[in-house]
Amino acid sequence: MVLLLWNIAVNTMQMRIGGTETGAMAGKVLDVRNPATGEIIESVPSGTGDDVGSAVGAAGDACGTWGKKTPRERGTILFHAAQRVREQHKDLARLLTMEQGKPLKEALDEVRGFANILEFYAGLSSHSSGEAIRLGAVGDGIVIREPLGVCGAIIPWNMPVLIMGWKIGPALLAGNTMVLKPASTTPLTCLKLAAILDRAGLPPGVLNVITGPGEEVGEAIIRHQAIKKISFTGDTATGEKIRKLGSLNQKELVLELGGSDPMIVMDDADLRTAVEGAIRGRFYNAGQTCTAVKRLYVHEKIADHFTRELKDRVEALTVGNGLGAKVDMGPLNSAGQRERIAVMVESVRSADEGTIVTGGCEMRGKTFENGNFYRPTLVAGVEPESRLVTEEVFGPVLPVMTIPDLATAIREANNTRYGLGASIWTRDIGNVRRFFDEVHAGIVWVNRHLTVPPEVPFGGVNASGIGRENGQDALDGYSRTKTLLLGW
Ligand code: NDP
């Protein structure tokens with residue numbers, strides 16, 4: 001019912017400060033558009049630095065009570081919230097598709113993934129308190145973990161729900177409070193989730209969500225002296241700006257930035273599985289995933305056959321409004337993102353840096369005229385200096401290159417400033433061992449790509465960022481140790 005109303009009248013969904021809904025102090029709003037239709041589905045307040053100040057104040061006030069709860073008490077609230085998210089997962093997924101564009105089946109995965117993350121961290125609550133050390137004649141040491149205080153989170157639009165989970169799960173379980181800024185094109189599901197967490201028992205002020213432009217709200221979060229740690233996911237250039245600003249006021253930083261993940265297919269790979277892996281790895285979420293397959297290297301013995309199979313599968317993908325049944329790929333999240341992709345493909349075409357096997361243009365026809373659709377694209381024989389190889393391609397374009405052997409594959413895989421994920425498709429354990437040892441990446445998959453369960457640490461090397469999210473690592477990163485030495 002609520003969703004129907006949104007189509008008739010545009011509401012303004014409010015920010016959340018101190019557990020209550022509020023508009024922006026300046027009274028301005030940001031419109032949120034459906035990327036499949038161009039329609040405004042809702043507005044949100046365009047927050048300011050003053051709003052960030054209020055949110056940090058509320059988060060600071062909540063620190064004492066939240067930090068003093070036991071990990072098990074905090075974990076119980078996360079469990080309750082996860083349960084409520086599961087109860088409402090269909091409505092949440094629909095909203096996510098409407099603001100982000102991804103097919104409903106992917107949005108459902110993402111919302112369930114959010115619940116999985118909360119449950120995973122809640123499950124760690126009995127293991128997160130500290131340790132005791134016997135020190136012989138010196139005495140005994142007791143090491144406890146205490147929260148950092150108020151933390152800041154800035155999240156992108158590609159996987160807003162999952163990434164919100166990655167940031168709030170460990171931070172809140174460790175006893176911190178948080179000020180979170182969603183991306184301006186995808187704030188709605190994040191606001192709904194924050195309301196669910198509040199209703200599940202999160203005390204007022206523990207999680208505050210401020211909507212508004214990155215340059216204003218995002219930078220105010222980074223500059224605020226009372227915020228101890230920032231976790232950011234987004235563009236490498238924005239991350240670099242944040243690194244400079246954040247280190248000026250000595251904040252701890254986790255930066256999850258871009259990636260240009262290589263996928264290597266050796267000549268002994270199971271080809272059907274590898275073709276499906278490349279399709280999912282590249283075209284899931286219309287290619288807008290940090291760990292998407294962004295460069296595909298196929299062994300020259302199988303390259304022709306592989307590329308033909310891939311072409312058939314790419315052409316069989318159904319593109320459309322993510323709410324439609326049987327849609328495999330939705331629009332890009334914004335007109336700007338589609339433009340970026342179109343410009344990159346044009347640069348390859350005009351410099352003759354590869355052969356466009358299929359796609360290479362916007363989707364045409366009435367269904368697509370107001371949305372940000374781009375045709376799934378395969379480009380073969382791409383030159384190493386092409387922008388499709390040297391930059392992060394955040395859309396449905398897959399460059400394919402051939403390699404004669406593993407040594408060349410590894411050299412090409414490492415020939416990038418990024419280092420987020422990498423995959424190898426082979427049945428030879430020797431290939432796996434060598435690739436794992438030599439490739440520069442935070443995560444290496446074998447015969448799969450993309451999946452990042454909450455249990456495993458996630459993050460990159462080089463221009464892909466600093467720090468880790470997920471797993472026990474992230475939880476440890478949201479606390480510091482304090483030691484009591486007892487002399488007897
Ligand atoms: P941004 O890095 O600009 O956006 C990510 C988040 O940062 C958003 O919440 C944004 O807010 C916020 N932000 C923007 N500027 C600042 C700032 N100066 N200080 C603090 N926060 C800021 O990415 P874009 O949306 O511009 O996407 C550009 C490219 O970045 C993509 O094409 C892709 O290559 C890459 N990207 C990579 C992601 C990944 O997961 N690795 C995720 C998203 C993008 P607002 O929305 O209000 O601008």
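Remember, it's 1-based here, ligands and their atoms both numbered in the order they're listed. For the single chain, residues carry numbers from 1 onward in sequence order.
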If you compare Gly214, Ser334, Gly246, Ala292 by their heavy atoms, the one closest to atom 21 (N) of ligand 1 turns out to be Gly214
Evaluate whether atom CD of Gln250 has more than 12 neighbouring non-hydrogen atoms of other residues, nucleotides or ligands under 6.0 angstrom away. no
Glu256 N/O to ligand 1 N/O under 3.5 Å: no
Who's closest to atom 39 (C) of ligand 1 heavy-atom-wise, of Gly465, Gly239, Cys290? Cys290
With a 4.0 Å cut-off, strictly under, does atom 46 (O) of ligand 1 pick up any protein heavy atom? yes
Do you know which of Ser347, Pro399, Ser260 makes side chain to side chain contact (heavy atoms under 4.5 Å, CB included) with Leu388? Pro399
State plainly whether the residues Arg387 and Glu392 are in salt-bridge range, i.e. N to O under 4.0 Å. no
With a cut-off of 4.0 Å, which atoms of ligand 1 are near a heavy atom of Gly218? 20 (C), 21 (N)
I'd like to know if Glu412 pairs up with Arg295 as an ion pair, taking the criterion as any Lys NZ or Arg NE/NH1/NH2 lying under 4.0 Å from an Asp or Glu carboxylate oxygen. no
Using heavy-atom distances only, which candidate in Glu392, Arg340, Gln288 approaches atom 28 (C) of ligand 1 most closely? Arg340
Heavy-atom contacts with Lys241 under 4.0 Å: which atoms of ligand 1 show up? List them by number with element. 18 (N)
Within-cut-off N or O pair, Gly259 and ligand 1, under 3.5 Å: no
Atom 25 (O) of ligand 1: which protein heavy atom is closest, and how many Å away? Trp157 NE1, 2.6 Å
Is it the case that ligand 1 has an N or O less than 3.5 angstrom from some N or O of Phe394? no
Gln100 and Asn285: side-chain donor and acceptor closer than 3.5 Å? yes
Decide, yes or no, whether a salt bridge links Asp198 with Arg16 under the criterion of side-chain N to carboxylate O below 4.0 Å. yes
Could you tell me whether Arg338 and Glu362 make a salt bridge, using a distance below 4.0 angstrom between a side-chain N and a carboxylate O? yes
Residues Glu276, Arg313: salt bridge by 4.0 Å N-O rule: yes
Below 4.0 Å, non-hydrogen atoms only: which portion of Met159 touches ligand 1? Side chain, backbone, both or neither. neither
Ranked by distance from atom 27 (O) of ligand 1, the top protein heavy atom is Gln337 NE2, 3.4 Å
Return the closest protein heavy atom for atom 7 (O) of ligand 1 as residue, atom name and distance. Phe232 CE1, 3.3 Å
Evaluating non-hydrogen atoms only, which member of Ile222, Leu420, Ile221, Thr238 is closest to atom 15 (N) of ligand 1? Thr238
Could you tell me, atom by atom, which parts of ligand 1 come under 4.0 Å of a heavy atom of Thr233? 5 (C), 40 (O)
What I want to know is whether Pro156 and ligand 1 share at least one N or O pair that is separated by under 3.5 angstrom. no
shortest atom 12 (C) of ligand 1-to-protein heavy-atom contact is with Ile154 CG2, 3.7 Å
Protein contact to atom 11 (O) of ligand 1 [nearest heavy atom, distance to 0.1 Å]: Lys181 NZ, 3.0 Å
Winner among Asp235, Leu180, Thr211 once heavy atoms are compared against atom 23 (O) of ligand 1: Asp235
Salt bridge check: are Arg94 and Asp91 linked by an N-O gap of less than 4.0 Å? no
Looking at Lys105 and Asp328, is there a salt bridge between them, counting it only when a charged N and a carboxylate O are closer than 4.0 Å? yes
Suppose we screen for salt bridge (charged side-chain N to carboxylate O under 4.0 Å, His left out). Which residues come up paired with Arg33, at least two apart in sequence or across chains? none
Identify the closest protein heavy atom to atom 8 (C) of ligand 1: which residue and atom is it, and at what distance? Ile155 O, 3.5 Å
Tell me the contacting part of Pro213 for ligand 1: side chain, backbone, both, or neither, using a 4.0 Å heavy-atom threshold, strictly below. backbone
So is Thr185 polar-close to ligand 1, meaning N/O to N/O under 3.5 Å? no
Quick check: do Phe114 and Leu162 have side-chain heavy atoms less than 4.5 Å from each other? no
protein heavy-atom neighbour closest to atom 18 (N) of ligand 1 works out as Glu219 OE2, 2.9 Å
